[in-house]
Amino acid sequence: MLGALIIVFREVFEAGLVIGIVLAATRLVAGSRWWIAGGVLGGIAGSALLAMFAEVVSQWANGFGQELFNAGVLAIAVCMLIWHNLWMARHGRELAAELTAAGQAVSEGSRPLAALAVVVGVAVLREGAEIALFMYGIVLAGGDSWSSLALGSVLGLVLGGGVSALTYLGLVKIPTRYLFSVTSGLITLLAASMASQCAAFLLASGKVNVLSATAWDTSWLIDEGSILGRLLHTLIGYAQSPSELQVLVYVVTLVGVVALTKALSPSHAPRAAAAGR
Amino acid sequence: MRKLQFIAALSALAVMALVPAASSADEMKTYEITVKDKVFTPNEITVKAGEPFRIKMTNANAMPVELESSKLGFEKVAAGFSDILVNVRAQTPGTYTFFDDFHPKETTGRVIVK
């Protein structure tokens with residue numbers, strides 16, 4: 001049972017963190033819970049489908065469909081995160097100013113909410129498909145251990161929900177006037193992290209072969225498989241032996257998002273913000 | 001929104017520029033392993049240092065197997081009774097372990113790079 005619990009928990013850990021961050025980032029936007037719940041449900045439905053067709057997906061692209069699929073959904077998530085942050089850079093101030101009278105802000109808020117729902121969906125989908133396969137395997141294998149494995153899996157899922165709750169509760173302790181900056185920062189790091197994972201999948205598929213050499217190896221310092229390693233992997237994109245392409249993509253995404261956010265935020269470019277509306 | 005659309009278009013172009021890079025993957029040496037009843041056969045393969053290679057894993061169980069090695073940089077699920085391919089980057093000499101992430105302690109194997 002413990003084995004199943006650990007396996008499932010490890011898989012939901014990353015999605016749990018992402019959901020917690022997104023919940024905190026959109027805490028003050030009415031209706032955000034529904035969007036996020038929709039993202040989670042969509043991700044779960046997608047996971048079940050993906051698990052069902054795992055073999056078919058695997059066989060795409062001469063056996064590298066899984067990698068390309070992962071790279072594709074990660075690229076979509078990165079675009080959504082960037083979109084959200086840029087949008088928030090323009091409108092965040094107004095949102096913060098109209099927190100209590102959220103009337104207009106809500107309708108405007110629906111756009112980044114859709115983007116974040118997609119991000120949540122992708123986070124759930126990527127890990128969920130493996131859990132679905134694993135649990136399907138348990139059912140197939142049958143035997144005496146069936147119920148204890150199933151119980152372990154369910155407990156693992158519950159613990160993953162706990163990670164979301166802890167992340168959320170920890171973040172919302174931050175005073176409101178800083179919360180926006182903190183969650184924007186986290187989302188920027190998340191975008192860079194997912195972009196670099198996308199690059200890793202493209203290299204793994206063999207369809208991209210540039211800068212594939214290992215940039216450095218820090219496995220002696222932090223093991224990617226440890227809880228700390230997984231936490232850092234999700235939050236800041238830690239990889240113990242990244243390829244040069246991963247490092248490049250990470251830095252470009254990070255610098256690009258920060259520069260664009262600066263350029264688009266109202267105090268720096270009031271006219272651009274006005275034209276965009 | 002025009003500025004955003006421009007940025008989106010630029011990023012899309014950047015991605016497209018990267019993707020079609022031709023691959024020489026098809027000439028890579030492929031090592032075949034099978035996993036059955038939680039055991040990899042063979043559970044040790046020897047490869048040349050400095051050359052990328054492939055591992056083809058056949059899953060002969062009904063249970064899915066997730067072939068993983070953080071050191072060699074792969075993590076891929078094989079559904080029951082199916083096979084998968086993984087590309088491995090060129091490595092420096094040494095011994096690298098891989099395992100089934102669903103049974104990380106029991107189901108392990110090694111790649112020896114010479």
Side-chain angles (χ1 to χ4, degrees), chain A residues 3-4 6-7 10-11 51 54-55 58-59 62-64 66-67 75 78-79 82-83 86-87 129-130 133-134 136-138 140-141 198-200 202-210 212-214 217 219 223-225 229 239-243 245 249 252 256 260 263-264 269 272 275-277, chain B residues 1-5 7-8 10-12 14-15 17-26 28 30 50 52 54 56 59 61-66 68-92 94 96 99-106:
Chain A
I6 292 170
I7 288 163
R10 257 184 351 211
E11 300 293 344
E55 254 190 274
S58 244
Q59 258 135 49
N62 305 321
F64 291 98
Q66 268 188 45
E67 284 86 348
V78 170
C79 292
I82 293 176
W83 177 15
L86 296 186
W87 193 92
E130 279 172 31
L133 266 177
F134 176 70
Y136 178 60
I138 291 176
L140 272 188
C198 172
L202 286 177
L203 285 175
S205 74
K207 306 293 173 202
V208 173
N209 271 319
V210 285
S212 63
T214 303
D217 188 340
S219 53
D223 183 352
E224 215 176 295
Q240 62 184 22
S241 52
S243 61
L245 183 65
V249 167
V252 167
L260 283 172
L264 288 176
R277 233 163 277 153
Chain B
M1 286 319 272
R2 229 175 299 156
K3 200 162 180 179
L4 274 185
Q5 274 164 6
I7 293 159
L10 262 191
S11 0
V15 170
L18 277 175
V19 171
S23 119
S24 58
D26 296 324
M28 266 193 273
T30 303
R54 277 181 168 173
K56 180 181 182 188
N59 180 7
N61 300 304
M63 282 287 282
V65 169
E66 181 171 22
E68 178 169 349
S69 169
S70 38
K71 291 221 154 178
L72 295 170
F74 52 76
E75 179 179 357
K76 191 166 180 176
V77 184
F81 302 117
S82 72
D83 42 43
I84 54 162
L85 276 173
V86 293
N87 287 319
V88 189
R89 280 185 244 159
Q91 300 291 328
T92 49
Y96 303 82
F99 50 90
D100 168 14
D101 199 28
F102 294 144
H103 303 98
K105 295 266 154 62
E106 302 161 79

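Computation of the quantities below employed the complete heavy-atom set of this structure, encompassing side-chain atoms and omitting hydrogens, waters and symmetry-equivalent molecules.
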Given E75(B), K56(B), K71(B), the one with more heavy-atom pairs under 4.5 angstrom with chain A than any other is K71(B)
Working to the nearest 0.5 Å, report the span between [atom1] of [X] and [atom2] of [Y].
X	Y	atom1	atom2	result
F102(B)	E11(A)	CZ	CD	6.0 Å
N87(B)	N209(A)	CG	CG	8.0 Å
E130(A)	D101(B)	CD	CG	7.5 Å
E224(A)	S70(B)	CD	OG	6.5 Å

Interface check, chain B: of C198(A), A4(A), A204(A), G229(A), most non-hydrogen pairs under 4.5 Å belong to A204(A)
Most heavy-atom pairs under 4.5 Å with chain B, out of S212(A), A54(A), A239(A), belong to S212(A)
Is it the backbone or the side chain of [X] that comes under 4.5 Å from a heavy atom of chain B, or both, or neither?
X	result
Q66(A)	side chain
L133(A)	both
S241(A)	both

Worksheet item: Do the side-chain N and O atoms of T214(A) and R89(B) include a donor-acceptor pair separated by under 3.5 angstrom?
Response: yes
Heavy atoms of G63(A) and K76(B) approach each other most closely as O-NZ, 2.8 Å
Turns out that what part of A90(B) lies under 4.5 Å from chain A's heavy atoms comes down to neither
Honestly, the part of K105(B) sitting under 4.5 Å from a heavy atom of chain A is neither
From the list V77(B), I84(B), D83(B), side-chain contact (heavy atoms from CB on, under 4.5 Å) with S58(A) holds only for I84(B)
Next on the checklist: Taking the side chain as everything from C-beta on, heavy atoms only, tell me whether L85(B) gets closer than 4.5 Å to E67(A).
Outcome noted: no
